[in-house]
Amino acid sequence: MKPRVRYAPSPTGHLHIGNARTALFNYLYAKHHQGAFIVRIEDTDVARNVETGIASQMAHLRWLGIEPDESIEHNGAYGPYRQLERLDLYTRYAEQLLEKNLAYKCYCTAEELEAEREALKDAGDDKLHYSRKCLHAPHQDAPYAIRFKVPENSTWTFEDMVKGNVTFHSDDIGDWVIMKQNGIPTYNFACAVDDHLMAITHVLRGEDHITNTPKQMMVFKALGWSPPVYGHMTLIVNEQGKKLSKRDGAILQFIEQYKDLGYLPEALFNFIALLGWSPQVEEEIFSPEALIEHFDARRLSTSPARFDQTKLTYINNRHIKMLDSEALKALCLPFLEQANILEGKDESFVDSLIDVFRDRLSYGSEIVALYHDFFQDNPELSSETQAFITTIEGVRSLLETFLRNLDERTEVLTPDIYKEIIKETGKTCGMKGKNLFMPIRIAASGSMHGPDLPKMMHLLGKDTLKRRFVRLLQDEDIL
RNA sequence: GGCCCGUUGGAGAAGCGGCUUAACUCACCAGCCUUUCACGCUGGCAUUCACGGGUUCGAAUCCCGUACGGGUCACCA
């Protein structure tokens, strides 16, 4: 049987990295087994719904390369795919439970419930379960919620795809609300009903849902259905080992933010897949297709996945290196334009700028910072750089020779010609290797590390280059 | 507090009873390559798997306990 899996977001905002990861693993599981990937919108918390949230979630999923087989935007045989459009279904099943005496109406008000909990707390009760006050309450003409009657002394065990055998006891679960006073189901009820109605076979979700599982299993049992296979993935934690909080501004955790910075969707896809999962093979840079092929739910980790931004940067850089120049240009161009860097520059400038920096670029918008660092005049020399340059005999005459050779060139300069000039200079001064290249590199860029020298000189342009050489030659402290 | 889960190097992370003198990746260091830099390549980097007991001929791997970390206990999802 082909699996049917789902990603069930509530549209309360943008696509979070944790949600993206849930979507991604479900998608990988479905595609690996030639099954179906469904997106179901869980919008039963009317107060928190953000209408643009749905569109944003769908758009970013698509940007990541995760295309649902069934969703509000794709036709499917199990719709509607938005819970608020399925209210009659939940009502019908809730009534069934009521009739079978597996659920009951609860007339308690929010204040009463709150007071009840306070009292339990004061009494030292640590479960804080509902008192079942309304279990036998006579019918009243008042607003009510419907509670599920948790079977006493029952055990709920399931074979979790990642954690193995997990058991919960009914003693630890109070009678919970399945239908709110406003006629809208709660998450656990709607979720169970839909998972059954949509013929979901496997549920891969975050570990924060593990305690919901017995509740959902109870619904399945009460309605005579058999539950899907559950798998609970470990949480994504930050440097401090805490669950990633959407309110934590220190880490970028929305897909949109990475998209806006010029990260590549396939790199994010790759990175997220490694959050709580590891491939059998030894490499870790993969295309989405390769990940689908390699995916194996048995290799989902049981310990929390740490969100490692350095690793993301590295992975993105690797994917950038795989881009052809056209694609890389398309990635960088918007950022360069937005930063007004291209004004008065011709096409070849962009090409050589990108060519010079392509190896060290971690994400698209970084090209702007690299540009500014590079074209900033008066770069300060590090102590390492100063120390090095003062040890070279004859630096001054080397740099002067280079300048003279540069001036003699009247043709249009290219990286190859810069290479010749360096060669000439070396010959004249009797210098080679590090002693030849390093002073020139330092004069040109202010640093001992950087891109390919001839290419970068070409990018800098003759005038800027000359100015930098002259400035260094005038600096009495250094030379 | 109850219930559930986790703890392997500077970092991520494999390994799930003998093939492990603990993969792989990032970072770092050294060497090679390149007349420089970067890329790339090669090598180095945990005598040890939170701690304490136990089971076993044999344990990072199984069991118990302790410590630490996390999740969850809503008419939120």
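Every chain is numbered from 1 and lettered A, B, ... according to where its sequence line falls, protein lines coming before strand lines.
The shortest distance between the side-chain N/O atoms of A:K180 and the OP1/OP2 oxygens of B:rC76 is below 4.0 Å. OP1 or OP2 of B:rG12 lies within a sub-4.0 Å distance of a side-chain N or O belonging to A:R306. Applying the 4.0 Å criterion to OP1 and OP2 of B:rA38, one finds that A:H449 has a side-chain N or O inside that range. A close approach under 4.0 Å does not occur between any side-chain nitrogen or oxygen of A:K419 and OP1 or OP2 of B:rU34. For B:rC76, neither phosphate oxygen OP1 nor OP2 lies less than 4.0 angstrom from any side-chain nitrogen or oxygen of A:Y187. For the pair A:S278 and B:rA14, the criterion of a side-chain N or O lying under 4.0 Å from OP1 or OP2 is met.
Taking the C1' atoms as reference points, B:rA59 lies 16 Å from B:rC19, given to the whole Å. The gap from the C1' atom of B:rC68 to that of B:rC24 amounts to 28 Å, rounded to the nearest Å. Nucleotides B:rG17 and B:rC63 place their P atoms 11 Å apart, quoted to the nearest Å. The gap from the C1' atom of B:rC16 to that of B:rA22 amounts to 13 Å, rounded to the nearest Å. B:rC75 and B:rG70: their C1' atoms are spaced 28 Å apart (whole Å). Atom C1' of B:rU36 sits at a distance of 44 Å from the matching atom of B:rC49, rounded to the whole Å. Separating the P atom of B:rA46 from that of B:rU25 is a span of 16 Å, rounded to the nearest Å. The same atom, C1', is picked in B:rC51 and in B:rG69; the two are 15 Å apart, to the nearest Å.
Rounding to whole angstrom units, CZ of residue A:F357 and C1' of B:rC39 are separated by 15 Å. Here B:rU36 presents its P atom at 19 Å from CD of A:E424, a figure rounded to the nearest Å. Whole-Å rounding puts the A:D171 CG to B:rG1 C1' distance at 16 Å. Taking atom CZ on A:F402 and atom C1' on B:rU36, their separation rounds to 13 Å, with Å as the unit. In this structure, NZ of A:K215 is placed 11 Å from P of B:rA77, rounded to the nearest angstrom. Between the P atom of B:rU25 and the CD1 atom of A:I285 lies a distance of 11 Å, rounded to the nearest Å. Whole-Å rounding puts the A:I320 CD1 to B:rC39 P distance at 15 Å. Here the C1' atom of nucleotide B:rC37 and the CG atom of A:L370 are 15 Å apart, to the nearest Å.
Residue contacts for A:E282: at a heavy-atom cut-off of 4.0 Å it reaches the sugar-phosphate backbone alone, with no base atom in range. Across all strands shown, A:P451 has heavy atoms under 4.0 Å from base atoms, whether or not it also approaches the sugar-phosphate. Contact annotation for A:D172: backbone-only contact, meaning every heavy-atom pair under 4.0 Å involves sugar-phosphate atoms and none involves a base. Residue contacts for A:M448: at a heavy-atom cut-off of 4.0 Å it reaches the sugar-phosphate backbone alone, with no base atom in range.
You'll find that the side chain of A:T186 is closest to B:rC76, out of B:rC76, B:rG71, B:rC37. Picking from B:rG15, B:rA38, B:rG2 the nucleotide with the shortest atom distance to the side chain of A:R299 gives B:rG15. Nearest to the side chain of A:K321, among B:rC39, B:rC75, B:rG70, sits B:rC39. Checking B:rC3, B:rG71, B:rU35 against the side-chain heavy atoms of A:F168 singles out B:rC3 as nearest. Considering only side-chain atoms of A:S301, the nucleotide from B:rC75, B:rA14, B:rC4 that sits closest is B:rA14. Listed nucleotides B:rU72, B:rA13, B:rU36 differ in distance to A:A305; the shortest reach to its side chain belongs to B:rA13. Minimum atom distance to the side chain of A:T310 is reached by B:rC26, of the listed B:rC26, B:rA14, B:rU36. Comparing B:rC37, B:rA38, B:rA23 by their closest approach to the side chain of A:R441 singles out B:rC37. The A:E284 side chain lies nearest to B:rG12 when the options are B:rC39, B:rA14, B:rG12. The side chain of A:N188 has B:rA77 as its nearest neighbour among B:rA77, B:rC39, B:rC75.
Using bins of under 30°, 30° to 60° and over 60° for the plane-to-plane angle, the ring pair A:F307/A:Y258 lands in the tilted bin.
For B:rU56, there is no paired nucleotide, since no Watson-Crick or G-U wobble pair has both relevant distances below 3.5 Å. In this entry B:rG69 has B:rC5 as its Watson-Crick or G-U wobble partner, both defining distances falling under 3.5 Å. Base pairing analysis places B:rG31 opposite B:rC41; the two distances defining the Watson-Crick or G-U wobble pair are each below 3.5 Å. The base-pairing partner of B:rA22, taking Watson-Crick or G-U wobble contacts with both distances under 3.5 Å, does not exist among the strands shown. Using N1 to N3 plus N6-O4 or O6-N4 for Watson-Crick, or N1-O2 and O6-N3 for G-U wobble, each under 3.5 Å, B:rC49 pairs with nothing. B:rC16: no Watson-Crick or G-U partner with both key distances under 3.5 Å is found in any strand.
Ion pairing between A:E420 and A:K423 fails under the 4.0 Å rule for side-chain N and carboxylate O.
For residues 42-49 of chain A, proximity to RNA chain B is found at A:E42, A:T44, A:D45, A:R48, defined as any non-hydrogen atom under 4.0 angstrom from a strand atom.
Considering A:Y27, A:F269, A:W277 as possible partners of A:F295, the one that fulfils the ring-ring contact (aromatic ring centres under 6.0 Å, His included) test is A:W277. When each of A:V203, A:T22, A:D194 is checked for a side-chain contact (heavy atoms from CB on, under 4.5 Å) with A:R6, only A:V203 meets the rule. Exactly one residue among A:H209, A:K215, A:E42, A:Q83 makes a side chain to side chain donor-acceptor pair (under 3.5 Å) with A:Y187. That residue is A:H209. Between A:F148 and the options A:W176, A:F220, A:F189, a ring-ring contact (aromatic ring centres under 6.0 Å, His included) holds for only A:W176.
By the stacking rule of 5.5 Å between ring centres and under 30° between planes, A:H209 stacks on the base of B:rA77.
For the pair A:R147 and A:Y130, the cation-pi test (distance below 6.0 Å, angle within 45°) is passed.
Below the 3.5 angstrom threshold, one finds a donor paired with an acceptor across the side chain of A:N212 and the base of B:rA77.
A:D175 contributes no side-chain N or O that, together with a main-chain N or O of A:H129, makes up a donor-acceptor pair within less than 3.5 Å.
Remark: A:K419 NZ is loosely packed, at most 12 non-hydrogen atoms of other residues, nucleotides or ligands lying under 6.0 Å away.
Looking at every heavy atom in both residues, A:S71 comes nearest to A:Y81 through O-CD1, 3.5 Å.
Taking the six-membered ring where the residue is Trp, the centroids of A:F357 and A:F374 are separated by under 6.0 Å.
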